[in-house]
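Some notes on the structure that comes next.
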Number of protein chains: 2
Amino acid sequence: MPPKKATDQLQTTCATCALTQFCLPMGLTERELKDLEALVKHRRIFSRGEILHQPGDFFQNFYAIRAGAVKSVTINTAGNEQVFGFYLPGEVIGFEAISTQKYPHSIIALTETSICELPFTHLMQMSKTHSGLQHQLLALASQRLTIDTCIHFTDTQQRVIAFLLNVSARLNRSAGLKRIFDLPMSRHDIGNHLGLAMETISRIIHHLKRQGLLAVHHRSIELLKIPALKALATGNK
Amino acid sequence: MPPKKATDQLQTTCATCALTQFCLPMGLTERELKDLEALVKHRRIFSRGEILHQPGDFFQNFYAIRAGAVKSVTINTAGNEQVFGFYLPGEVIGFEAISTQKYPHSIIALTETSICELPFTHLMQMSKTHSGLQHQLLALASQRLTIDTCIHFTDTQQRVIAFLLNVSARLNRSAGLKRIFDLPMSRHDIGNHLGLAMETISRIIHHLKRQGLLAVHHRSIELLKIPALKALATGNK
DNA sequence: TAAAAACATTGATCTAGATCAAGTTAAGCT
DNA sequence: AGCTTAACTTGATCTAGATCAATGTTTTTA
């Protein structure tokens, strides 16, 4: 069940949302789910380029991505952007802000993006009585710690393939990799995030295409030989 | 109050530990602290090179670093090590394992290292009634998400300086940077972690030394011009 | 619907940093 | 203490990927 378009999502409840088994509701009892639902403050749509929050903004809400995608960035003093990561449907923004009470990054919508806003203090209050929620909050923070292993690969091609497989898996949370998908972010953003030039991303993807490992048309990707791609990503050249 | 040597730490309790205000006990009431103390299963010493756990091991315990340091690594199919990060005194290992119930990495002691073992299920049980602990668990997971920003810098020198400042700050959690400290990890590990060759680390450190920004003798570092180093790290060349 | 802007590809050149290699220093071991 | 081994430094060379540049494509906006 793929997430619907951003604009279709405004009336959905947690119980009827396609992402209910991956997002915050996961593992919650029916009762807990109903209470969580009551706690959702806003459902909002951001259009491409809009900023959800800036670094230093006081941390008040989690944002659960319902449809679309955002990037997490900072701008350094020299004016250069630094892409820290991406958030895809079902993923929750805010964990990195808990300890300092301030968001550390800018969150910018990459496409039309629909989100659910959840007040943190209410969530914490609720999780005192709802132990399923308490566990799920930690589990989501945990997931976030291991979600993005691509940056750690030394080999450039490995990094790019691992990134593509990572996005594919995250877009298809239920079962394995999504074979056909659209990258929500630009080559520039991918490059920045992986510490590579945009042109290098382009060339590596082209190379994989020529080898018949995937089909590409701009941001649309089809993984053709998943086992081979996996093998390359884990370092078996 | 610097952390004592690993071997001095076996008898210490949470209440008397120098790290009490940074580690899990932070923000806990006296009552909560006493209950937490009762929950600590083991205090153990690992010597250099010893493995705390392997990837895939069933997640049962958090490990709080009391003295020393460890690295978090994986070995890929080609036999290459990949350094994911480091844990320094007061830091807690285990958050990345909550969602899958398995540790994703090997944890290897870099020096003589003393740790406190805390059973996860007991912690969760306890945090149902101790809301300070519940918050502190999330806060520590949160901290972990933002602790290691060095890898995201594009410029090589920036990455290395940011790394040194990062270690310095983490070794001196209370107040700002530690001016004089020993790196617990090898140049090789630093390089691997930052995606650079060991020789490059050596050369960049040598370069900073020649500029008079720091004093180095093997793993011992003294930060001589902190503002200048900070400026370089944030991209003002 | 056309024009503009943003994004992506492809090629040519150049340089930062990897790799290779040798020598030095420090740490662990018997 | 002296031997062995691991870690670090320094230099020379080479290459992967950055940078520069031009063109093509798609999306956005007027």
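Just so it is clear: chains get the letters A, B, ... in the order the sequence lines come, proteins before strands, and each one is counted from 1.
Of the options A:F58, A:F62, A:F59, a ring-ring contact (aromatic ring centres under 6.0 Å, His included) to A:Y103 is made by A:F59 and by none of the others. Exactly one residue among A:H105, A:Q82, A:E96 makes a side-chain hydrogen bond (donor to acceptor under 3.5 Å, both in side chains) with A:S72. That residue is A:H105.
Atoms CG (B:L208) and P (D:dT9) sit 12 Å apart, rounded to a whole Å. With rounding to whole Å, B:H188 atom NE2 is found 12 Å from C:dA18 atom P. Atom CD of B:Q158 and atom P of C:dA16 are 15 Å apart (whole Å). Regarding B:H207, its NE2 atom lies at a distance of 15 Å from the P atom of D:dG11, rounded to whole Å. Taking atom CG of residue A:L183 and atom C1' of nucleotide C:dA8, one finds them 13 Å apart after rounding to whole Å. Atom CG in A:D189 sits roughly 14 Å away from atom P in C:dA6 (whole-Å rounding). Per the geometry, CD1 belonging to A:I201 stands 15 Å off P belonging to C:dT10, to the nearest Å. Rounded to whole Å, the distance from CD1 on A:I190 to P on D:dA18 is 14 Å.
Contact annotation: A:R210 does not reach the phosphate of C:dT10 (side-chain N/O to OP1 or OP2, under 4.0 Å). Taking only side-chain nitrogens and oxygens, A:R203 never comes nearer than 4.0 Å to OP1 or OP2 of D:dT19. Phosphate proximity of D:dC8 to B:H206: absent, as no side-chain N or O sits under 4.0 Å from OP1 or OP2.
Distance from the side chain of A:A197 is smallest for D:dT19 among the nucleotides C:dC20, D:dT19, D:dT25. Of the listed nucleotides (C:dT9, C:dT19, D:dA7), C:dT9 has the atom at the smallest distance from the side chain of A:S202. Considering only the side chain of A:T200, D:dG17 comes nearest among C:dG17, D:dG17, D:dC8. Distances were taken from every side-chain heavy atom of A:L196 (C-beta onward) to each of D:dT9, C:dC7, D:dA18; the shortest belongs to D:dA18. For B:H218, the side-chain atoms get nearest to C:dT25 when compared with the rest of C:dC7, C:dT25, D:dG17. Side-chain atoms of A:R48 lie closest to C:dA6 of the nucleotides D:dA16, C:dA21, C:dA6. Distances from the side chain of A:H217 to the nucleotides D:dC8, D:dT26, C:dA18 place D:dT26 closest. Between C:dT9, D:dA7, C:dA26, one nucleotide has an atom nearer to the side chain of B:R219 than all others, and that is D:dA7.
Taking each heavy atom of B:I65 and B:L19 in turn, the nearest pair found is O-CD1, 3.7 Å.
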Going through the distances and angles, do A:E81 and A:K71 end up as a salt bridge (charged side-chain N to carboxylate O under 4.0 Å, His left out)? CA-CA 11 Å; A:E81 204 179 76; A:K71 62 177 172 180; 3.1 Å; yes

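In this structure, the side chain of A:N166 does not engage the main chain of A:D148 through any donor-acceptor pair within 3.5 Å. Under the 3.5 Å distance criterion, the side-chain polar atoms of A:T113 are left unmatched by any main-chain donor or acceptor of A:G68.
Both A:T156 and A:E199 lie near DNA chain D, and the one whose nearest nucleotide falls closer to the 5' end is A:T156.
Residue B:G195 is in sugar-phosphate contact alone, with no base atom involved, counting any heavy-atom pair closer than 4.0 Å across all strands shown.
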